[in-house]
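Here the structure comes first, spelled out in structure tokens, and everything after it is commentary.
Chain identifiers are assigned alphabetically (A, B, ...) following the order of the sequence lines, protein sequences preceding nucleic acid strands; residue numbering begins at 1 within each chain.
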There are 2 protein chains.
Amino acid sequence: MRIAICGYGNLGRGVETALRQTKDLEAVGVFTRRDPKSVQTLTGIPVYPVDEIDAHRDEIDVIILCGGSATDLPDMTPSLAERFNVVDSFDTHARIPEHFAAVDTAAKKGGNTALISGGWDPGLFSLARLYAQSVLPEGSDCTFWGRGVSQGHSDAIRRIPGVLDARQYTVPIPEAMEAARKGTASTLTTREKHSRECYVVAEEGADLAAIEQAIKTMPNYFADYDTTVTFITMEELKRDHAALPHGGKVIRTGKSGLNGEHHQQIEFSLRLDSNPEFTAGVLVALARAVGKLAARGDHGCKTIFDIAPADLSPLSPEELRATIL
Amino acid sequence: MRIAICGYGNLGRGVETALRQTKDLEAVGVFTRRDPKSVQTLTGIPVYPVDEIDAHRDEIDVIILCGGSATDLPDMTPSLAERFNVVDSFDTHARIPEHFAAVDTAAKKGGNTALISGGWDPGLFSLARLYAQSVLPEGSDCTFWGRGVSQGHSDAIRRIPGVLDARQYTVPIPEAMEAARKGTASTLTTREKHSRECYVVAEEGADLAAIEQAIKTMPNYFADYDTTVTFITMEELKRDHAALPHGGKVIRTGKSGLNGEHHQQIEFSLRLDSNPEFTAGVLVALARAVGKLAARGDHGCKTIFDIAPADLSPLSPEELRATIL
């Protein structure tokens with residue numbers, strides 16, 4: 001199966017290296033809005049201008065879209081789904097229904113298969129919530145993120161005047177995770193579940209107190225959290241905060257028995273040295289599934305909820321039953 | 001959707017109470033090999049002789065088979081799959097391929113949908129292995145069971161002369177779980193991964209040393225493990241060991257990046273006060289999916305690997321995308 005990578009940031013590079021770990025999937029090349037001559041791929045696969053992607057239709061089975069959810073994917077995914085089978089990692093939870101509708105219309109029009117919102121949240125964490133809720137219908141679940149770098153929150157800090165660069169870590173609060181395991185987390189506030197640690201490089205002579213105040217009071221991003229701000233040098237940022245670790249947990253507890261007398265607990269957790277490379281691993285497995293669905297004529301927009309698990313694997317159903325079940 | 005329960009031991013009772021937690025599924029009744037008059041259900045649902053189940057064909061959408069894997073299910077599942085949609089929890093891993101083949105033939109012949117090997121292992125743990133292997137193809141995983149009661153091992157002890165009753169706990173070894181998180185568990189022996197704790201009630205005057213020796217040297221069951229044997233009274237067994245807790249973990253680690261420089265870890269764990277009631281919760285969700293597949297004309301034998309996650313949920317695809325994804 002021949003996979004194209006559209007967009008070549010951290011996620012695109014992650015997909016490129018993840019494809020090297022598969023035997024049944026092959027990287028056709030990278031498609032970029034930049035000047036292809038300015039882009040050097042990690043593994044030497046070719047780079048093409050995204051405008052010319054239609055000329056490669058016969059060489060591509062599935063495109064993995066590695067753009068951002070804010071501005072790239074809302075247009076790019078429906079547009080390409082009309083001509084190609086595609087996978088994206090659209091992660092703006094609140095806008096998933098409208099994105100789904102746009103991509104579904106386009107994919108059906110073109111007779112293609114598209115999958116949106118792949119990754120780990122949305123993605124594997126969504127699956128953990130779905131399986132756990134289906135199996136323990138009387139209960140509650142809670143999702144924790146981190147400790148890890150939130151790119152969105154890091155970007156928000158960078159937009160504050162006087163800030164040169166920043167890295168924000170989302171940190172789950174251990175007491176809240178314990179409450180989730182006991183089934184008593186539903187009353188916890190946002191502040192009680194996560195805290196936020198910010199490492200900020202300021203311009204020389206910047207008003208540090210004003211920057212700290214601007215961060216801590218920023219609505220949606222920081223105002224509802226206990227936030228710490230630590231000013232560091234650019235050298236320290238590059239030395240100590242270059243990686244993009246992340247992770248988290250979905251914890252669901254429920255009751256079973258005639259009178260709900262038994263406590264049952266399901267926990268799914270990730271601990272990732274590299275968030276984009278792990279997300280890429282999920283997208284690559286989903287691209288395999290999309291290729292299989294497209295070959296079966298199962299068109300339109302899908303999410304990870306619509307994909308039979310066996311379709312993610314390179315193994316045959318017989319092999320899966322004999323070795324993993 | 002109308003669900004029948006075939007077999008009324010711990011698992012059957014778990015299914016009965018699990019069905020009370022659903023709005024879209026309804027318990028039709030229990031079918032048993034015992035004299036129906038001798039069986040009193042927990043929630044008052046009717047009891048019928050299993051021999052007369054064909055007379056209830058028009059009242060049943062899916063049967064959940066709550067028999068044992070050793071002697072009941074190999075015959076019962078194919079036999080009933082010819083006339084009904086069925087779900088079972090066949091858990092003899094090594095015999096899954098032959099059981100699948102027999103059930104698939106029967107279900108296709110009857111135009112029905114069957115699902116085998118539902119539960120948590122095989123079942124949710126199998127899913128955890130499949131998703132994790134698909135997403136992290138270069139890595140290794142390890143499954144740990146317990147701390148929990150193994151019915152098979154408890155039964156094996158009960159068959160020793162001089163033993164009145166017994167309870168066996170399978171216990172994962174913490175150091176092995178740590179090794180699995182580091183990705184170094186593949187060299188561990190059986191003995192290094194789990195230990196076994198046995199609580200045994202002996203007949204008065206029995207040779208305790210002989211019983212202990214018979215347990216510890218029993219091939220397959222105990223010989224390969226560090227096993228402790230504690231003799232207790234029947235009163236203590238009933239007071240301290242009446243529950244059927246279980247659980248465990250699937251841990252997979254893998255490498256990502258151009259040179260495998262990043263360590264990624266996925267962990268799925270269960271902590272269950274009641275093993276049969278949790279297994280029942282999985283079977284009930286799978287019965288919902290089987291009913292949906294049957295209604296779509298998707299016949300033959302399936303496993304949890306073939307079921308799109310959305311089919312396990314009572315929520316619509318739109319609701320799932322809007323609320324859980």
Side-chain angles (χ1 to χ4, degrees), chain A residues 14 17-18 21-22 42-43 93 96-97 100 117 122 124 126-131 133-138 181 247 254 256-258 262-274 277-278 280-282 285 288 303-310 312-314 317-318 320-322 324-325, chain B residues 14 17-18 21-22 42-43 93 96-97 100 117 122 124 126-131 133-138 181 247 254 256-258 262-274 277-278 280-282 285 288 303-310 312-314 317-318 320-322 324-325:
Chain A
T17 54
Q21 298 191 355
T22 66
L42 291 172
T43 65
H93 289 261
I96 285 173
F100 183 92
S117 302
L124 298 187
S126 319
L127 280 180
R129 291 186 285 262
L130 172 51
Y131 281 114
Q133 291 183 19
S134 300
V135 165
L136 294 176
E138 288 185 4
R181 291 185 185 110
S256 70
L258 188 60
H262 291 128
H263 184 81
Q264 315 277 28
Q265 182 192 314
I266 302 176
E267 189 164 327
F268 179 76
S269 68
L270 297 174
R271 194 166 175 159
L272 311 174
D273 274 2
S274 166
E277 286 171 9
F278 186 80
V282 180
R288 174 184 291 121
T303 74
I304 200 166
F305 292 162
D306 306 309
I307 304 297
L312 297 173
S313 174
E318 292 76 17
L320 289 173
R321 287 193 294 269
I324 299 185
L325 190 60
Chain B
T17 55
Q21 298 190 355
T22 65
L42 291 172
T43 65
H93 290 260
I96 286 175
F100 183 92
S117 303
L124 299 187
S126 319
L127 281 179
R129 290 186 285 263
L130 171 51
Y131 281 114
Q133 290 182 20
S134 300
V135 164
L136 293 177
E138 288 186 2
R181 292 186 184 109
S256 71
L258 188 60
H262 290 128
H263 184 81
Q264 314 277 28
Q265 183 192 314
I266 301 176
E267 190 165 327
F268 179 76
S269 67
L270 296 174
R271 194 166 175 158
L272 312 174
D273 274 2
S274 166
E277 286 172 8
F278 186 80
V282 181
R288 175 184 291 121
T303 75
I304 201 167
F305 292 162
D306 305 309
I307 304 296
L312 296 174
S313 174
E318 293 75 17
L320 289 173
R321 287 193 294 269
I324 299 185
L325 189 62

* Looking at side-chain heavy atoms only, is the closest gap between I304(B) and L325(A) below 4.5 Å? -> yes
* With a 4.5 angstrom heavy-atom cut-off, which part of I324(A) approaches chain B: side chain, backbone, both or neither? -> both
* Top of P122(B), A285(B), S269(B), P314(B) for chain A proximity - count of heavy-atom pairs under 4.5 angstrom -> S269(B)
* Could you tell me whether the side chain of E318(B) reaches within less than 4.5 Å of the side chain of P97(A), counting heavy atoms only? => no
* To do: Indicate the atoms forming the closest heavy-atom contact of S274(B) with Q264(A), along with that distance.
  => O-NE2, 3.0 Å
* What part of F100(A) gets closer than 4.5 Å to chain B, counting heavy atoms only: side chain, backbone, both or neither? -> side chain
* Per-residue contact mode, I96(A) against chain B (heavy atom under 4.5 angstrom) -> side chain
* Structure fact -> Looking only at Q133(B), R129(B), R321(B), the option with the highest number of non-hydrogen pairs under 4.5 Å against chain A is R321(B)
* Who are the side chain to side chain contact (heavy atoms under 4.5 Å, CB included) partners of S313(A), not counting sequence neighbours? -> L315(A), L320(A), L130(B), S134(B)
* **Donor-acceptor under 3.5 Å (Q21(A) side chain, L136(B) main chain)** => no
* To do: With rounding to the nearest 0.5 Å, note down the distance linking OG1 in T17(B) to CD in E138(A).
  => 10.0 Å
* For A18(A), is it the side chain, the backbone, both, or neither that has a heavy atom closer than 4.5 Å to a heavy atom of chain B? -> neither
* Residue E267(A) versus chain B: region with a heavy atom under 4.5 Å -> both
* Between G281(A), G257(A), S117(A), which has the largest tally of heavy atom pairs under 4.5 Å with chain B? -> G257(A)
* Asked: Partners of R288(B) by side chain to side chain donor-acceptor pair (under 3.5 Å), sequence neighbours excluded?
  -> D24(B)
* Can you say whether S256(A) sits under 4.5 Å from chain B via the side chain, the backbone, both, or neither, judging by heavy atoms? -> both
* Asked: Given a strict heavy-atom distance threshold of 4.5 Å, which part of F268(A) is in contact with chain B: side chain, backbone, both, or neither?
  -> both
* What's the shortest heavy-atom distance between Y131(B) and P309(A), and which atoms? -> OH-CG, 3.3 Å
* Leading residue by heavy atom contact count with chain B [cutoff under 4.5 Å; candidates I307(A), T303(A), L127(A), L258(A)] -> L258(A)
